[in-house]
Structures are given as C-alpha cells and as structure tokens.
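To start, the structure itself, in structure tokens.
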Amino acid sequence: MRLILLGPPGVGKGTQAAAIIEKYSIPHISTGDIFRANIKGKTELGKKVEEYMNKGLLVPDDLVVSIVKDRIVKDDCKDGFLLDGFPRTVAQAEALDEELSKMSLVIDKVINIEAEKDILIERAIGRRICKDCGATYHVKFSPAKQDGICDKCGGELYQRKDDTLDTVEKRIEVYLEQTKPLIDYYAKKGLLLNVDGTKDKKEVFNDIVKALE
Ligand code: ADP
Ligand code: AMP
C-alpha cells in the first residue's frame, strides 16, 4: 500500500504514522525527520535546509524531491510506504506522480487529517521529542511519566526549534498557501480520505483504518 499523510503542522501526522506503519508493515518516510537527522549529523544537506526550517519556510522543491526519489526506490519500499509531510507543494506532487509512473506505480490513498488553527498551535507548542529514539510526547495530551525523560528509552526530551508560537503560525500560513491546494489535487484523482483530527489519537487512528478498508 502506497499512502500519503496530508495535513497542517501539528495535526498529528507523525503520531498516526507510527500506528499506521505498525499495522500495515510499511516504512515511514518523513521528510521532516530526514532533514532533522541531517541537521543533527551536520551534513551538507543539513546545512542547506536548517535556515528554511527554523524560519518555518518550505525547503526548496528540488532538494526534497531528490531525497524522496532516492528513498522510494529502496528495497524496503517495494511493497509500499507511508509518506508523511511530502508532498507539500503541487510541484512536489507532480514530481512524485512522474517518478511513480516511471516505475508503473501509483499512490493508493491520501489520508487528509484536519483540525482548526488553535488546536494545531496547542499541539505543536506542547510537542516534545526524544533526542535518542524520536518518540513524540505532548506536555498535556501525552506526557512522559517522568518529566523530560523518554518512557521508551530514557532519552532526554527536547522541543523542536520550529515549535515556537511565531514559527508555528508561519508554518500554518505556509501550509494554507502552498500545501492546502493538494487537497483538491488528490480529491480530483479520487484518492482523498478526510479524517477529523480533533479527536483523541486512538479514535483518529480507528477512523483512518475504517477509511482505508
Ligand atoms: P505532525 O506530525 O502533524 O506535525 P505530531 O504527530 O507530531 O504532528 O503531533 C503534534 C503534537 O500533538 C504531539 O505532541 C502529539 O503528541 C500531539 N497529538 C497528536 N495527535 C493528537 C491528538 N489526537 N490529540 C491530542 N494531541 C495529539
Ligand atoms: P515536519 O517535520 O513535517 O513538520 O517538517 C518540518 C520542516 O521541514 C518544514 O517546516 C519544512 O521546513 C521542512 N520540510 C519537511 N518536509 C518538506 C517538504 N515536503 N517540502 C518542503 N519542506 C519540507
């Protein structure tokens, strides 16, 4: 199954991705995670993308597209994958379609998770991530048992640099301008599944599974 998770920043894409990849045994491809790993590793790519990310802007299409092209041809993607945070512009979506069509493949479904702005801001600002294993917490909605420490691996929790009020507002603005048009793009292809992201994360997951069946 080849799936895309679409939705505004902070809506819960990464949270749902963790449950989806477990249920359907497909790899999780998060362009945001790939960039953060490159920034942490101080790679050339990391140096190129860091400023865009810290400002809440999109990384240029050519950089993102080439990373995804290289990733989806890997052996673990042959039976499917879950794209999270990609595509984010119509140009990226077109490049993905073109690349898949060269391999005689298509996207099966696009899961579009939505919630209103105040929910997105509260979720993003309260997000905390484990430095070691990448597990995601929320100070109010999914707190770690011990403050600042990952339940799963004992790693230290941190707040993303782009999860400040100003940057989250900028990211939402960028989403509305550049990414939201993809809802229409995939609806026209008959691939869109709309899911209410305001519910509890388990309910959102149940709705996704129902929609995929
Ligand atoms: P995205 O990948 O879309 O930016 P995340 O999955 O990282 O979003 O979720 C953002 C924050 O909101 C995280 O702290 C996460 O724990 C929390 N969260 C995710 N889904 C829900 C939900 N349904 N209800 C409450 N909090 C949620
Ligand atoms: P995310 O982890 O999905 O919230 O993404 C964090 C940041 O990474 C975004 O605000 C962008 O700066 C960058 N990014 C991730 N995916 C993309 C993409 N598909 N296109 C452009 N920029 C991206």
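Counting starts at 1 for both ligands and their atoms, in listed order.
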Out of all atoms in ligand 1, which are within 4.0 Å of some heavy atom of Tyr137? Include the element for each. 13 (C), 14 (O), 16 (O)
If you measure from the Lys or Arg side-chain nitrogens to the Asp or Glu carboxylate oxygens, is any gap between Asp163 and Arg127 under 4.0 Å? yes
Does a salt bridge link Asp97 with Lys102, judged by any charged N lying under 4.0 Å from a carboxylate O? no
of all protein heavy atoms, closest to atom 16 (N) of ligand 2 is Thr31 OG1, 2.7 Å
Whether the Asp166 and Thr164 side chains hold a donor-acceptor pair (N or O, under 3.5 Å, no angle test) is what I'd like checked. no
Before signing off on this row, confirm whether Gln16 and ligand 1 have an N or O atom pair separated by under 3.5 Å. no
If we number the atoms of ligand 1 from 1 as shown, the ones under 4.0 Å from a heavy atom of Phe141 are 25 (C), 26 (N)
So if I count the atoms of ligand 1 from 1 in the order they appear, which ones are less than 4.0 Å from some heavy atom of Asp200? 23 (N)
Measure the NZ-CE distance between Lys109 and Met1 for me, rounded to the nearest 0.5 Å. 10.5 Å
Return yes when atom CD of Glu94 has more than 12 non-hydrogen atoms of other residues, nucleotides or ligands closer than 6.0 Å, and no otherwise. yes
Output the list of atoms in ligand 2 that are nearer than 4.0 Å to some heavy atom of Arg171, sorted by atom number. 4 (O)
Please determine whether any non-hydrogen atom of Ser142 lies less than 4.0 Å from an atom of ligand 1. yes
So, is Arg123 polar-close to ligand 1, with some N/O to N/O distance under 3.5 Å? yes
Does atom CG (Asp147) have a neighbourhood of more than 12 heavy atoms from anything else shown, all under 6.0 Å? no
Close approach of Gly10 to ligand 1, heavy atoms, under 4.0 angstrom: yes
Mark up the atoms of ligand 2 that fall under 4.0 Å of a heavy atom belonging to Gln92, in ascending order. 18 (C), 19 (N), 20 (N), 21 (C)
Closer than 4.0 Å to some heavy atom of Gly14 - which atoms of ligand 1 meet that? 1 (P), 2 (O), 6 (O)
Per-atom filter on ligand 2: closer than 4.0 angstrom to a heavy atom of Arg160 are 1 (P), 2 (O), 4 (O), 6 (C)
Lys199: heavy atom below 4.0 Å from ligand 1, yes or no? yes
Is Thr31 reaching over with its side chain to a backbone N or O of Gly85, donor-acceptor style, under 3.5 angstrom? yes
Would you check if Asp79 and Tyr24 make a side-chain contact, meaning some heavy-atom pair closer than 4.5 Å? no
Are Lys210 and Glu213 within salt-bridge range, i.e. N to O under 4.0 Å? no
If we count only N and O atoms by modelled type, under 3.5 Å, do the side chains of Thr167 and Asp162 hold a donor and an acceptor together? no
Tell me: protein heavy atom nearest atom 15 (C) of ligand 1, and distance? Thr15 OG1, 3.7 Å
Using a 4.0 Å heavy-atom cut-off, say whether Lys13 meets ligand 2 through its side chain, its backbone, both or neither. neither
Considering the heavy atoms of Arg36, write down every atom of ligand 2 situated less than 4.0 Å from one of them. 2 (O), 6 (C)
Are Lys188 and Asp184 within salt-bridge range, i.e. N to O under 4.0 Å? yes
Counting from 1 in the order shown, the ligand 2 atoms closer than 4.0 Å to a non-hydrogen atom of Leu57 are 11 (C), 12 (O)
Tell me the contacting part of Val64 for ligand 2: side chain, backbone, both, or neither, using a 4.0 Å heavy-atom threshold, strictly below. side chain
